[in-house]
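Chain naming here is simple, since letters A, B, ... match the order of the sequence lines and numbering starts at 1 in each. For clarity, every value in this text was computed on a predicted model and none was experimentally measured. Note: hydrogens, waters and symmetry copies are ignored here, and every other heavy atom, side chains too, is used.
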Amino acid sequence: MSNGAILLLMTALFLGFGYMGVPVAFALMAGVLVACGLTPISMQSMVGQMFHGIDSEILLAVPFFLLVGELMTSADVTNRMIRLAQTMVGHLRGGLAQVVTLFSMFFAGISGSSTADVAVLSRTVAPEMTREGYDRAFTSALIACASTMANLIPPSIMAVVYGATGNVSIGGLFLAGIVPGVLIGIGLMIYSHLFGPAGLRKPRASLCEFADASRASLLPLMIPLIIMGGILTGWFTPTEAGMVASVYILVVLVPLLARGHIRHLPRDFVYTGLLYSIPLALVAAASAFGWMLAYLRGPDIVAGWIELVAGHDGRIIMFLLVVLFIVIGDFMDAVPAIIIFMPIVIKLNELGDINSLHMGVVLITTLVFGLITPPYGLSLLVASKFVGVAFTRAMLASLPIYVVFLATIAFTVLAPSVVLYLPKLFLPESVGCFKNPSGTGYICPK
Amino acid sequence: MVLCGISIAGFTLSVFCDVVTRELGRPWLWLQLVTTGFFAWGVFIGMAAATRRIDHLNLVEITKRLRGAKRSLLEITNRLVILLVGLAMLVFGTQNCLNDLGSFRAPSLIPLATYTASVPIAGALIVLFAIEQIVNGWRHGFEGPEDADDFAGIAK
């Protein structure tokens with residue numbers, strides 16, 4: 001059997017089992033094990049690859065960022081940030097819709113998980129939106145779309161996985177994600193203002209109310225500073241920054257702001273323990289799948305197709321990859337997608353002489369879009385479930401908002417100088433700059 | 001589930017001690033090995049626990065829309081796929097683990113097998129849970145109240 005045929009069989013088995021309802025991690029491994037029977041690769045080495053896939057210190061950041069999100073959510077500290085968002089934008093047209101977006105931007109700086117964001121907003125702001133007469137389909141679509149910012153604004157779990165597998169600076173990816181994250185936020189606010197329901201108009205909060213809300217949110221809003229400050233000053237690795245943020249919540253936030261929650265902390269740890277193992281089991285299986293894909297020369301085949309259309313033009317290669325990842329993001333989770341397709345991405349980076357950090361942020365922005373597109377739009381699925389509206393209605397309500405995401409993706413591809421401005425400023429090495437031998441400043445690639 | 005909680009609490013503590021001892025200028029290098037040990041065991045034991053709780057991520061929830069014999073057939077087929085993958089993890093993971101008895105991790109020279117043993121143990125648990133689900137499903141059917149709330153496990 002030729003390599004191409006084995007590749008197709010392996011992929012067909014994964015998708016076939018996946019769509020029959022086999023969990024993704026097991027469907028991936030089933031495809032790999034069948035491919036082992038048709039190649040000289042031993043099943044023993046592929047099972048070993050599952051372990052090697054997660055045997056990376058960088059991936060330890062994933063559970064810490066999930067723990068931060070879980071602790072903040074379950075201790076109800078997030079209410080203070082919602083109140084702050086209300087004093088800032090609650091008086092605008094579609095006030096609660098603006099609050100959803102602004103809060104998501106705040107929360108994205110604390111947690112790397114879109115699902116945690118959806119859970120918080122569905123429990124707190126969504127019922128109030130329904131009371132004010134917002135259409136439930138619009139509410140769930142907006143919550144799902146806003147929650148995607150958690151994967152762009154640092155800390156981002158997708159960035160950690162991308163950096164760990166693609167050998168790209170995670171700090172650089174965090175910084176590069178800020179521009180597309182904020183653009184999506186601004187786009188959602190403009191959309192809600194112009195096309196969303198008006199809601200109840202409320203008076204503008206007074207300066208005193210704003211000051212009170214800011215003071216109450218001061219301690220939770222220190223978390224993004226701790227995480228990014230620690231990474232940028234070189235004090236902590238991303239993993240350690242996640243740990244320090246978790247310890248800060250346990251030692252400072254919970255005792256000061258939610259003392260009654262202390263007795264529930266063991267439950268939070270147990271729950272997060274299970275929660276982090278689910279994406280990392282995917283990482284383990286996807287790493288075996290990606291290894292087999294590379295062995296079967298999958299990257300060469302796909303790179304050949306793309307080269308045929310795009311030649312060596314980096315921009316066209318990027319757009320073709322965006323199209324490919326939009327399709328992939330529709331059908332599978334971002335974490336296995338990143339790991340499985342990383343060998344192809346690396347090959348195409350070389351082909352088009354593309355900056356790996358730029359490619360990383362473009363692909364993460366594209367995969368984030370997959371969280372709200374059917375059939376596997378996880379954020380939209382969860383939001384529609386929590387808000388209590390049919391998935392199809394939520395999807396129809398989110399269709400016009402796709403424009404915001406598509407425009408952001410296009411901007412991220414076409415304006416690398418803007419997207420990479422922050423990494424270039426704070427972490428020049430992450431974009432390929434190196435220290436000037438004369439000792440002053442950096443020399444950067446064009 | 002409790003083991004998953006112990007694992008995340010364990011590596012939070014070990015990373016914390018790692019940072020503190022490093023900042024004090026007396027780093028305990030072996031802490032990194034403890035951290036990765038807790039992490040790896042947490043991932044694979046969690047993989048088994050998620051199998052039992054049916055919390056793994058799926059591409060679609062097609063089975064929950066079916067009823068009767070069709071549903072049973074598909075659910076059993078799915079569990080058999082999980083069982084076979086679990087069996088592969090058990091058999092080949094044990095072979096890897098035995099090979100790793102002779103490999104050691106610097107600097108404290110802990111046998112690599114103490115980490116890689118997590119794979120066959122998770123495999124054994126997955127096999128047991130898959131068999132448990134097939135037997136229970138065969139006796140009482142696969143339909144249950146969780147069908148109406150299939151995302152409860154993902155985000156509380």
Checklist entry - In terms of the angle between their ring planes, are Phe51(A) and Phe44(B) parallel, tilted or perpendicular, with boundaries placed at 30° and 60°? => result parallel
Checklist entry - Would you call the rings of Tyr276(A) and Phe39(B) parallel, tilted or perpendicular, where under 30° means parallel and over 60° means perpendicular? => result parallel
Checklist entry - By a 4.5 Å heavy-atom criterion (distance strictly below it), what part of Asp100(B) contacts chain A: side chain, backbone, both, or neither? => result neither
Item to check | Engaged part of Arg79(B) at the chain A interface, taking heavy atoms whose separation is under 4.5 Å | outcome: neither
Is it the backbone or the side chain of [X] that comes under 4.5 Å from a heavy atom of chain B, or both, or neither?
| X | answer |
| --- | --- |
| Ser56(A) | backbone |
| Val247(A) | side chain |
| Ile54(A) | both |
| Leu250(A) | neither |

List the atom of [X], the atom of [Y], and the distance in Å for their closest heavy-atom pair.
| X | Y | answer |
| --- | --- | --- |
| Ala88(B) | Val47(A) | O-CG2, 3.8 Å |
| Ala25(A) | Met47(B) | CB-CE, 4.4 Å |
| Cys4(B) | Gly273(A) | CB-C, 3.5 Å |

Between [options], who has the most heavy-atom pairs with chain A when the cutoff is under 4.5 Å?
| options | answer |
| --- | --- |
| Val15(B), Thr35(B), Thr77(B) | Val15(B) |
| Thr94(B), Val119(B), Thr12(B) | Thr12(B) |
| Ile6(B), Thr51(B), Val85(B), Asn96(B) | Asn96(B) |
| Val19(B), Ile82(B), Thr116(B), Thr36(B) | Ile82(B) |

Item to check | Phe16(B), CZ atom: more than 12 neighbouring heavy atoms under 6.0 Å | outcome: no
Interface residue of largest heavy-atom contact number with chain B, from [options], under 4.5 Å:
| options | answer |
| --- | --- |
| Thr239(A), Leu59(A), Leu282(A) | Leu59(A) |
| Met46(A), His52(A), Met50(A) | Met50(A) |
| Ala281(A), Ala27(A), Gly242(A) | Ala281(A) |

Rounded to the nearest 0.5 Å, what separation is found between the [atom1] atom of [X] and the [atom2] atom of [Y]?
| X | Y | atom1 | atom2 | answer |
| --- | --- | --- | --- | --- |
| Leu60(A) | Phe38(B) | CG | CZ | 12.0 Å |
| Asp18(B) | Met243(A) | CG | CE | 8.0 Å |
| Ser246(A) | Ile8(B) | OG | CD1 | 7.5 Å |
| Ile278(A) | Arg53(B) | CD1 | CZ | 8.0 Å |
| Leu33(A) | Leu87(B) | CG | CG | 10.5 Å |
| Glu23(B) | Phe236(A) | CD | CZ | 7.0 Å |

Checklist outcome for this item: Tested for side chain to side chain contact (heavy atoms under 4.5 Å, CB included) against Val43(B), the lone hit among Val62(A), Leu280(A), Val283(A) is Leu280(A)
Item to check | Intermediate values then yes/no, side chain to side chain contact (heavy atoms under 4.5 Å, CB included), Val91(B) and Gln44(A) | outcome: CA-CA 8 Å; Val91(B) 174; Gln44(A) 192 181 337; over 6 Å; no
Taking the side chain as every heavy atom from C-beta outward, state whether [X] and [Y] have any atom pair closer than 4.5 Å.
| X | Y | value |
| --- | --- | --- |
| Phe26(A) | Leu84(B) | no |
| Phe92(B) | Ser45(A) | no |
| Met89(B) | Met43(A) | no |

